[in-house]
**Q** 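Sharing a structure here in structure tokens format.
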Number of protein chains: 2
Amino acid sequence: MIYRAVRKVSTAVRPGKKRASGPAQDSREEILAVATQEFAQRGLSGARVDEIAARTRTSKRMIYYYFSGKEGLYRAVLERVYSEIRQVESQLDLDGLAPQAAIARIVELTFDYDESHPEFITLVNVENINRGKSIGKLSSVHKRYAHILSVMARVLERGVASGVFRPDVTPIDVRLVIAALCYFRVSNRYTFGALFDCNLAEPAVRARHRRMIVDAVQRFLKV
Amino acid sequence: MIYRAVRKVSTAVRPGKKRASGPAQDSREEILAVATQEFAQRGLSGARVDEIAARTRTSKRMIYYYFSGKEGLYRAVLERVYSEIRQVESQLDLDGLAPQAAIARIVELTFDYDESHPEFITLVNVENINRGKSIGKLSSVHKRYAHILSVMARVLERGVASGVFRPDVTPIDVRLVIAALCYFRVSNRYTFGALFDCNLAEPAVRARHRRMIVDAVQRFLKV
DNA sequence: GTTCATATTAACTAACAAGTGCGTTCACAG
DNA sequence: CTGTGAACGCACTTGTTAGTTAATATGAAC
């Protein structure tokens, strides 16, 4: 009863194209949001479809209706988180910046995104444990990342041309170094924390590492 | 019938202390080896106790006999892989080397170990998805890692004293940078490979990255 | 107001997977 | 021999879990 009212409101707020696709989209989105949490928290085989359903306002049957199964739901979740980070990264505007400053911006964006989206990191981990079986099937992911590499390539070229960057690293190399340094802190926070008895999430440590990683990448690129 | 014969042979080869503990140890070890593979391949909740049992020469009942459950088995597997890498790392002898060379050796060891033990990397990933619930309970892990940090600290001190290393990085920082760069290539090989359409396992790429990471860490430490 | 596609619910099932009860075998001590 | 305890296998229980069946509601369009 109550949720009907809610859904009518949301239909009014966001009208569908033809028919009342508002409620449907809400259900879809709600399922995806809950599933993202659940898959990130428990992994692919650890996540429970019933649990996901219970935590939405819809039913389990709807998950099968929209996503045709656990696998399909997982794939949709992956696609969603990758499309979000792609969008964030594509908003970078580096053209006015000097090469070193541009690199700093890229590192800071990556660092901040990873730190504030641990569920994204975990999902990527899940997919790697899964041997990339699902990401390979996502047509949307593949092409878009070429764009990011080309942005990186332009920055590197400018840096090399002005004599501040060395010429023997590829965009993929730089991307790997940046990703590795930012990703690991979040990805391995539990094991690294336990092994070395430290808390990487502490604000002071985090801020210091942010500066440190920016610096490390700049040193890496210096002639 | 056949396996009895096999076990008698192995008993003869490796006699137990009092009773015939040879076969027992063999069973334990065999279970652990299979379970390591299985947990690394399918994750904690994805691994099947029945499957592990089927792939050993013993039965499922023995897994419960020795490890008291899936959880206990997983913990034993974690302990085993961590103790192995600890052993490898403790064999490092750096005292004769100049600081930069010592750092190079540490990086190369980490790189080579990670590359040749992807199942270790995956298990660490699994444990992080698991929020470190098990590694916290492993008393054996915690203390031993202090030793590795102290080795690192000595190298850094020597480097700082001789003016080749900057003084503002801690052993944990260096450890983090090295681990991140080596770990990520293996941990994220599937997603990174799919996104950027490259194969990090290719020998040429691997060799180049090995040199590149050694160089990156040395640049990171340079005054 | 009938039609039709979309959206939704409740109850069901078939398979699976963790964990156990219980009996057996084996080596050796007495 | 025989008693004992560790090492082992078989078959079972019990709860869970992905996925389904079938019936129904909704609302736009005609």
Side-chain angles (χ1 to χ4, degrees), chain A residues 1-12 14-32 34-35 38-39 42-77, chain B residues 1-12 14-32 34-35 38-39 42-75:
Chain A
M1 299 303 159
I2 288 170
Y3 83 83
R4 280 282 165 225
V6 170
R7 300 165 115 257
K8 293 224 169 165
V9 167
S10 69
T11 304
R14 191 212 297 180
K17 281 181 180 179
K18 287 179 176 179
R19 284 170 45 82
S21 60
Q25 293 303 36
D26 286 357
S27 288
R28 258 190 78 99
E29 265 309 303
E30 195 189 359
I31 291 169
L32 279 177
V34 173
E38 191 73 7
F39 281 122
R42 310 202 204 276
L44 178 48
S45 43
R48 300 289 165 238
V49 177
D50 288 284
E51 178 66 23
I52 294 170
R55 286 169 54 186
T56 62
R57 292 197 311 280
T58 71
S59 68
K60 175 160 77 151
R61 190 62 187 80
M62 294 312 295
I63 293 176
Y64 285 85
Y65 183 69
Y66 285 121
F67 305 100
S68 84
K70 193 183 185 181
E71 182 80 20
L73 176 58
Y74 170 71
R75 214 138 57 201
V77 164
Chain B
M1 299 303 160
I2 288 169
Y3 83 82
R4 282 280 167 226
V6 170
R7 300 164 115 257
K8 292 224 166 162
V9 167
S10 70
T11 305
R14 191 212 295 180
K17 283 180 179 176
K18 288 179 177 179
R19 282 170 46 81
S21 62
Q25 293 303 40
D26 286 356
S27 288
R28 258 191 79 100
E29 266 308 304
E30 195 189 359
I31 291 169
L32 279 177
V34 173
E38 192 72 7
F39 280 122
R42 311 204 202 275
L44 178 48
S45 43
R48 299 290 165 236
V49 176
D50 288 283
E51 179 65 22
I52 294 171
R55 286 168 55 185
T56 62
R57 291 197 311 279
T58 71
S59 68
K60 174 159 75 152
R61 196 70 189 76
M62 293 315 295
I63 293 176
Y64 286 85
Y65 183 69
Y66 285 121
F67 304 101
S68 86
K70 194 183 185 180
E71 183 80 20
L73 176 58
Y74 170 71
R75 215 139 57 201

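Below, read A as the first sequence line, B as the second, and so on, with proteins coming before strands; counting in each chain starts at 1.
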**Q** Holding to side chain to side chain contact (heavy atoms under 4.5 Å, CB included), I want the full list of residues that pass it with Ser59(B), two or more places apart in sequence or in another chain.
**A** Arg61(B), Met62(B)
**Q** Can you tell me which residue pairs pass the side chain to side chain donor-acceptor pair (under 3.5 Å) test with a partner in residues 43-55 of chain A, sequence neighbours excluded?
**A** Glu38(A)-Arg55(A), Asp50(A)-Lys60(A)
**Q** Taking only side-chain nitrogens and oxygens of Ser59(B), does any of them come within less than 4.0 Å of OP1 or OP2 of dC8(D)?
**A** no
**Q** Ignoring backbone atoms, establish whether Tyr66(A) has a side-chain N or O less than 4.0 Å from OP1 or OP2 of dT8(C).
**A** yes
**Q** Please report, rounded to the nearest Å, how far the C1' atom of dA7(D) is from the CD1 atom of Ile63(B).
**A** 14 Å
**Q** Looking at Tyr66(A) and Ile31(A), what are the two nearest heavy atoms and their distance?
**A** CD1-CD1, 4.3 Å
**Q** Is the phosphate of dC8(D) approached by Ser27(B) (side-chain N or O, under 4.0 Å from OP1 or OP2)?
**A** yes
**Q** Rounding to a whole Å, what distance do you find between Met62(B):CE and dA7(D):C1'?
**A** 5 Å
**Q** From CD of Glu51(B) over to C1' of dA17(C), roughly how many Å is that when rounded to an integer?
**A** 12 Å
**Q** Provide, to the nearest angstrom, the distance between the CD atom belonging to Glu30(A) and the C1' atom belonging to dA7(C).
**A** 15 Å
**Q** Identify the residue among Thr58(B), Ile52(B), Val34(B) that makes a side-chain contact (heavy atoms from CB on, under 4.5 Å) with Ile63(B).
**A** Ile52(B)
**Q** Just how far, in rounded Å, is C1' of dG19(C) from CZ of Phe67(B)?
**A** 16 Å
**Q** Encode nucleotides 16-21 of chain D as B, S and - characters from 5' to 3', where the letter depends on protein heavy atoms closer than 4.0 Å: B to the base, S only to sugar-phosphate, - to neither.
**A** -SBBBB
**Q** Which whole-number value in Å describes the distance from Leu44(B) CG to dA17(C) C1'?
**A** 14 Å
**Q** Measuring from Arg28(A):CZ to Thr56(A):OG1, what's the distance to the nearest 0.5 Å?
**A** 13.5 Å
